[in-house]
Amino acid sequence: MKVFVTGGAGYIGSHTVLELLKAGHDVVVVDNLCNSSEESLKRVTRLAGRDIVFYNADIRDEKKLEEIVSKEAPFDATIHFAALKAVGESVSIPLKYYENNVGGTFTLLKVLAAHNCKNIVFSSSATVYGQPQSVPIREDFPTPGCTNPYGWTKLMMEQVFRDVQKADGEWNTILLRYFNPIGAHESGEIGEDPAGIPNNLLPYVAQVAIGRLKELSVFGDDYPTVDGTGVRDYIHVVDLALGHLRAIEKLVEKPGFKIYNLGTGNGYSVLQIIKAFEEASSRKVPYAIKPRREGDIAECWADPALAANELGWKAERGIKEMCRDLWNWQSKNPYGFGKPPAGE
Ligand code: NAD
Ligand code: WQD
């Protein structure tokens, strides 16, 4: 297949592009590199032994996007990763998030429709479930609203995709709700490269282990969970990438509109993660218990049965592999794709 990938230089995008190339698909990437570097794609093509077509462009730039799609279409499928994703930042600069994520999606859908490329897979998030009524979470659970603008952009985009497909049955749309992607490709050549101080647990833990950060703050130890700390469904980024391959194969069946959870179905607490990472890295991860982080929920994990039944997809890698591969990436690339920041 010929696959158009927005945001393909980023963390999940780069791992997905690699799996697409390995499976023999042709890939066209558009990314404005606002949160990534072209180096990730260079490494991807080296690992795959195959090339991609890359455009450094912003999906909100309709003229440019039109030029790219005119030149490259038809696509058998589009995978739409491009978005801003920092929860805290979205609270301080909400308009930028709505403009980039929701606005960018409008432009993308308009241009794709004009070229009759109506098969799409979209990166949604478990954040749309808000405070779940129970765990594990199924796709038919309510999506009552989010605690931050980032989450709202995902919910709004889900609604846009739903309405567009309803109005024009030629669209085939699969929304993938990711749980907590972590880890890296087993080569250690590509991985997550957060700008500044990481917001998410695993990149923070890895930077403590490598000595870039002093100590982890554990946000709350009084939740009603196994040990009082927050529980999440961590999923290896390569399993997540493979979920996208199953999703584009599903598009061939013309499924209309579908939603799938991509998670493992298992939950791990913050303290369990620290222990698993210490074992994988043979390093200590010093931590201190701090107050709860605003907007956090106690526990969240997926019921992944629908993706297993309808996509034939199941996460294969466990927490050991996730920590091992993250440590391999972090220790080979202590500063990600770049150089040490000034002062380090
Ligand atoms: P990322 O920031 O590494 O990748 C996103 C990519 O999109 C980056 O390369 C960035 O440069 C690009 N981009 C952003 N705005 C753009 C624009 N206007 N035009 C062109 N390119 C643009 O993030 P990621 O972790 O790989 O996430 C990929 C997708 O998955 C995002 O939509 C994110 O919201 C979603 N998601 C991520 C997580 C997670 O925990 N990482 C969880 C659930 C959902
Ligand atoms: C995991 C657990 C924290 C950092 C976020 C987004 C969500 C999705 C995935 C995109 C929680 C605890 C964390 C730290 C800690 N992204 N923690 N100390 O909050 O489940 O989900 O990323 O769609 O939208 O909200 O992930 O990695 O931030 O936190 O104790 O320094 O680790 O309280 O229990 P979260 P996370």
Side-chain angles (χ1 to χ4, degrees), residues 5-16 29-38 40-41 55-61 64-65 79-88 90 96-97 99-101 103-105 107-108 122-130 146-148 150-151 153-154 157 175-182 191-195 197-205 207-208 213 215-221 223 225 229-235 237 240-241 244 262-263 267-271 273-274 287-301:
V5 181
T6 74
Y11 172 45
I12 304 168
S14 57
H15 288 80
T16 304
V29 169
V30 55
D31 197 306
N32 66 358
L33 305 179
C34 68
N35 194 40
S36 54
S37 101
E38 206 179 333
S40 66
L41 291 173
Y55 292 94
N56 181 345
D58 192 308
I59 56 162
R60 289 168 299 171
D61 183 342
K64 188 80 191 277
L65 198 64
I79 306 179
H80 179 28
F81 292 107
L84 299 174
K85 63 160 183 178
V87 172
S90 79
K96 191 166 171 199
Y97 272 68
E99 198 207 352
N100 191 76
N101 295 3
T105 300
T107 312
L108 178 70
F122 172 63
S123 300
S124 191
S125 169
T127 197
V128 301
Y129 294 114
C146 295
T147 52
N148 60 78
Y150 165 74
T153 70
K154 290 287 160 187
M157 290 184 283
L175 311 186
L176 297 178
R177 292 180 178 156
Y178 314 155
F179 281 66
N180 289 59
I182 63 167
E192 187 169 11
D193 183 13
I197 309 272
N199 301 301
N200 295 113
L201 178 64
L202 267 295
Y204 204 108
V205 165
Q207 291 197 13
V208 171
L213 296 168
E215 155 184 286
L216 172 75
S217 297
V218 174
F219 299 139
D221 68 347
Y223 286 106
T225 61
T229 64
V231 169
R232 297 292 183 272
D233 185 340
Y234 297 96
I235 172 170
V237 65
L240 191 70
H244 293 76
L262 294 186
Y268 287 92
S269 74
V270 177
L271 295 182
I273 289 291
I274 295 173
Y287 66 88
I289 305 292
K290 296 283 168 63
R292 293 180 178 193
R293 184 173 65 179
E294 208 188 312
D296 269 355
I297 55 175
E299 48 188 13
C300 165
W301 66 87

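Ligands are counted one by one from 1 in listed order, and the atoms in each one are counted from 1 as well. Source: prediction; values computed, not measured.
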Close-contact set for ligand 2 against Val218 heavy atoms, below 4.0 Å
30 (O)
Atom 24 (P) of ligand 1 - nearest protein heavy atom and its distance
Lys85 NZ, 3.8 Å
A student comparing Arg232, Glu299, Arg293 should find that the heavy atom closest to atom 29 (O) of ligand 2 comes from Arg293
Of Val218, Asp221, Thr229, Ile274, which meets side-chain contact (heavy atoms from CB on, under 4.5 Å) against Ser269?
Thr229
Is Tyr178 close to ligand 1, meaning an N/O of one under 3.5 Å from an N/O of the other?
no
Here the atoms of ligand 2 under 4.0 Å from any heavy atom belonging to Thr127 are 24 (O)
Among Leu213, Thr225, Asn200, the residue with a heavy atom nearest to atom 5 (C) of ligand 2 is Asn200
Checking heavy-atom distances from atom 17 (C) of ligand 1 to each of Asn32, Asn35, Asp193, the winner is Asn32
Please state which protein non-hydrogen atom is closest to atom 5 (C) of ligand 1 and give its distance, to 0.1 Å?
Ala83 O, 3.8 Å
Backbone N or O of Ala83 within a donor-acceptor pair of the Tyr97 side chain at under 3.5 Å?
no
So which heavy atom on Gly8 is nearest to which on Asp31, and how close?
N-OD2, 3.5 Å
Using heavy atoms and a threshold below 4.0 Å, how should the contact between Glu192 and ligand 1 be classified: side chain, backbone, both, or neither?
neither
Measuring from non-hydrogen atoms of Tyr150 to any atom of ligand 2, is the shortest distance under 4.0 Å?
yes
What atoms of ligand 2 come closer than 4.0 angstrom to any heavy atom of Asp296?
3 (C), 19 (O), 33 (O)
May I ask which of Ile297, Leu201, Val231, Leu216 has a heavy atom nearer to atom 13 (C) of ligand 2 than the others do?
Leu201
To the nearest 0.5 Å, tell me how far Leu262 CG sits from Leu240 CG.
5.5 Å
For ligand 1, which is the ligand I care about here, please tell me if Ala9 has any N or O atom under 3.5 Å from one of the ligand's N or O atoms.
no
Aromatic ring proximity, centroids under 6.0 angstrom, Tyr178 and His244
yes
Is it the side chain, the backbone, both or neither of Asn199 that has a heavy atom closer than 4.0 Å to ligand 2?
backbone
With a heavy-atom distance limit of 4.0 Å, tell me whether Leu33 approaches ligand 1 through its side chain, its backbone, both, or neither.
backbone
State whether the number of non-hydrogen atoms from other residues, nucleotides or ligands found under 6.0 Å of Tyr55 atom OH is greater than 12.
yes
Flag, side chain of Thr6 to backbone of Ala82, donor-acceptor distance under 3.5 Å:
yes
Compare all side-chain heavy atoms of Ile297 with those of Tyr129 and state whether any distance is below 4.5 angstrom.
no
What do you reckon, does Ser124 have a nitrogen or oxygen under 3.5 Å from a nitrogen or oxygen of ligand 1?
no
Pro203 versus Asn200, closest heavy-atom pair with distance:
CD-O, 3.5 Å
Numbering as shown, the atoms of ligand 2 that approach Val87 to under 4.0 Å (heavy-atom distance)
6 (C), 25 (O)
Tell me the protein heavy atom at minimum distance from atom 8 (C) of ligand 2, and give that distance in Å.
Ser125 OG, 4.0 Å
Any idea which protein heavy atom is nearest atom 30 (O) of ligand 2, and the distance to it?
Phe219 N, 2.9 Å
Any atoms of ligand 1 less than 4.0 Å from a non-hydrogen atom of Lys154? List them with their elements.
31 (C), 32 (O), 33 (C), 34 (O), 35 (C)
Looking at CG of Leu176 and OG of Ser123, how far apart are the two atoms once the value is rounded to the nearest 0.5 Å?
7.5 Å
Just jot down the ligand 1 atoms closer than 4.0 angstrom to any heavy atom of Ser36, in number order.
8 (C), 9 (O), 11 (O)
Any nitrogen or oxygen of Gly10 lying under 3.5 Å from a nitrogen or oxygen in ligand 1? Just yes or no.
yes
Sub-3.5 Å N/O-N/O distance, Asp58 and ligand 1:
yes
Taking Lys154's backbone N and O only, do any of them form a donor-acceptor pair with Ser124's side chain (distance below 3.5 Å, no angle check)?
no
What protein heavy atom lies closest to atom 28 (C) of ligand 1? Include the residue and the distance to one decimal.
Phe81 O, 3.8 Å
I'd like to check whether Val270 has a polar contact with ligand 2, where a contact means an N/O of the residue lying under 3.5 Å from an N/O of the ligand.
no
Tell me: protein heavy atom nearest atom 15 (N) of ligand 1, and distance?
Asn100 ND2, 3.1 Å
Which word best sums up how the rings of His80 and Phe122 line up, parallel for under 30°, tilted for 30 to 60°, or perpendicular for over 60°?
tilted
Backbone or side-chain N or O of Cys34 under 3.5 Å from ligand 1 N or O
yes
Just which atoms of ligand 1 are under 4.0 Å from any heavy atom in Ser123?
29 (C), 30 (O), 32 (O), 35 (C)
Below 4.0 Å from ligand 1: does a non-hydrogen atom of Pro181 turn up there or not?
yes
Heavy atom under 4.0 Å from ligand 1: found in Ala126's side chain, backbone, both, or neither?
neither
So is there a nitrogen or oxygen of Tyr204 less than 3.5 Å from a nitrogen or oxygen in ligand 2?
no
When you measure from atom 3 (O) of ligand 1 to every protein heavy atom, which one gives the shortest distance, and what is it?
Tyr11 N, 2.8 Å
Could you tell me whether the side chain of Leu216 reaches within less than 4.5 Å of the side chain of Leu201, counting heavy atoms only?
yes
I'd like to know whether ligand 1 has Ala57 as a neighbour, heavy-atom separation below 4.0 Å.
yes
Region of Ile59 that comes within reach of ligand 1 [heavy atoms, distance under 4.0 Å]:
both
Contact check, side chains of Tyr287 and Val208, non-hydrogen atoms, under 4.5 Å:
no
Using 0.5 Å steps for rounding, measure from the CG atom of Leu33 to the CG atom of Leu41.
8.0 Å
Counting each atom of ligand 1 from 1 as listed, which ones have a heavy atom of Tyr150 under 4.0 Å away?
33 (C), 34 (O), 35 (C), 36 (N), 44 (C)
To the nearest 0.1 Å, how far is atom 26 (O) of ligand 1 from its closest protein heavy atom, and which atom is that?
Ile12 N, 2.8 Å
Can you pull out the closest protein heavy atom to atom 26 (O) of ligand 2? Residue, atom name and distance to 0.1 Å, please.
Asn180 ND2, 3.2 Å
So do Val87 and Asn199 actually touch side chain to side chain, heavy atoms under 4.5 Å?
no
Kindly indicate whether the side chain of Asn56, heavy atoms from C-beta on, has any atom under 4.5 Å from the side chain of Glu38.
no
Could you tell me whether the side chain of Thr16 reaches within less than 4.5 Å of the side chain of Ile79, counting heavy atoms only?
yes
Taking 4.0 angstrom as the limit and counting only heavy atoms of Tyr234, give me the atoms of ligand 2 inside it, by number and element.
1 (C), 2 (C)
Can you list the atoms of ligand 2 that are under 4.0 Å from a heavy atom of Ser217?
14 (C), 15 (C), 18 (N), 30 (O), 31 (O)
Would you check if Pro181 and His15 make a side-chain contact, meaning some heavy-atom pair closer than 4.5 Å?
no
Below 4.5 Å, heavy atoms only, C-beta onward: do Leu84 and Tyr150 meet side chain to side chain?
no
Nearest protein heavy atom to atom 12 (C) of ligand 1, by residue and atom, and its distance?
Asp31 OD1, 3.4 Å
